[in-house]
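Here is how names work: the chains are called A, B, and so on, in the same order as the sequence lines, proteins then strands, and each is numbered from 1.
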Amino acid sequence: MLVATWNVNSIRARLPAVVKWLALRRPDVVCLQEIKCVDEQFPCEPFEDLGYACAIFGQKTYNGVAILAKAGVEDVVRGLPGDPGDVESRVIAATAGGLRVVNAYVVNGRQVGHEKYHYKLSWLARLARLVQAERAAHEQLAVVGDFNVTFDDRDVARPEAWHEQILCSTPEREALAGVVAAGVADSVRRFTQDKGPYTWWDFKTRGFERGDGLRIDHVLLSPEALERCERVDVDVEVRAASGASDHAPVVASLRDAS
DNA sequence: ATGGTGGATTTTCCA
């Protein structure tokens, strides 16, 4: 079972690239972030033609998340339950093929100390509560998405340039650790302790061309799901293509559940 | 170098 996460930076702008990648990669579960459209504008049909069911939590212009799954999507939850302050479309959960999937687009935070930075820390703490509840209810759990946070400096190609900057500050990393503490682990670090791989490169500073990458898109797995995980790949060639999103897809491969 | 690029919707916001 292939479980993928990809911040597409507008599903309408990226539709040809997403369809092409899906047809080649054929992941079983695909979690998209920053779809940047309302539910009615989401192009379900090309995905249904490829065999995917769609669960969408859209928003006009900004944010928006969706889960596509070949096995269908059940028990869909949109937003942070019981959290009236969660007014943006940043998280959707669903069950697909026996796996509970939480798909999050974490607040970017703009810069350390900014009002949105504090909102980011708060939102991550509230996401951790959702993960705790999902973990209590599901052994097979994947929490994936664009977390807009690196775990440590191995996730930063140029750590000296990013030291205590947005995406890399200690409070952000502590908030991400709070999500992990709810009962999931970073799947990539099951396989490597080396620097990288990276999943995002800044458009503005031509980060990809400069080799200035960060790993901010994650696949976090419950112990029972992590035990099934055979590999995690970043499809960096997708980021290298012209007209790409600023994020590359991340794909985890899970053995069949016993 | 406080720039740069890219997307959506508008002449600006967000990343």
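- For the P atoms, the distance linking B:dC13 with B:dG3 amounts to 15 Å, nearest Å.
- Evaluation of the side-chain contact (heavy atoms from CB on, under 4.5 Å) rule for A:S253 yields A:L2, A:E230, A:R231 as partners, not counting sequence neighbours.
- Across B:dA15 and B:dG4, the matching C1' atoms stand 13 Å from one another, rounded to whole Å.
- Between A:R189 and A:D155 there is a salt bridge, since a side-chain N of the basic residue sits under 4.0 Å from a carboxylate O of the acidic one.
- Distance check on atom P: B:dT9 versus B:dT5 gives 22 Å, rounded to whole Å.
- With sequence neighbours left out, A:W21 forms a ring-ring contact (aromatic ring centres under 6.0 Å, His included) with A:W6.
- DNA chain B is contacted by both A:T205 and A:R12; A:T205 maps to the nucleotide lying nearer its 5′ end (nearest heavy atom per residue).
- The CG-P distance, from A:L15 to B:dA8, rounds to 12 Å in whole Å.
- Donor-acceptor pairing under 3.5 Å is lacking for the side chains of A:Q140 and A:S222.
- Under a 4.0 Å N-O distance rule, the pair A:D153/A:R173 qualifies as a salt bridge.
- Summarising the geometry, the separation between NZ on A:K60 and C1' on B:dA8 is reported as 8 Å, rounded to the nearest angstrom.
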Between the protein and nucleotides 12-15 of chain B, list the N/O to N/O atom pairs that are separated by less than 3.5 angstrom.
unit_1: B:dC13; atom_1: O2; unit_2: A:Y62; atom_2: OH; d: 3.3
unit_1: B:dC14; atom_1: OP2; unit_2: A:R110; atom_2: NH2; d: 3.0

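- Between the P atoms of B:dT10 and B:dG6, the separation comes to 22 Å (whole Å).
- The shortest distance between the side-chain N/O atoms of A:R14 and the OP1/OP2 oxygens of B:dG6 is not below 4.0 Å.
- Distance, A:R210 CZ to B:dT5 P: 13 Å, rounded to whole Å.
- Aromatic ring pairs are classed by plane angle as parallel below 30°, tilted from 30° to 60° and perpendicular above 60°; the pair A:W200 and A:W162 is perpendicular.
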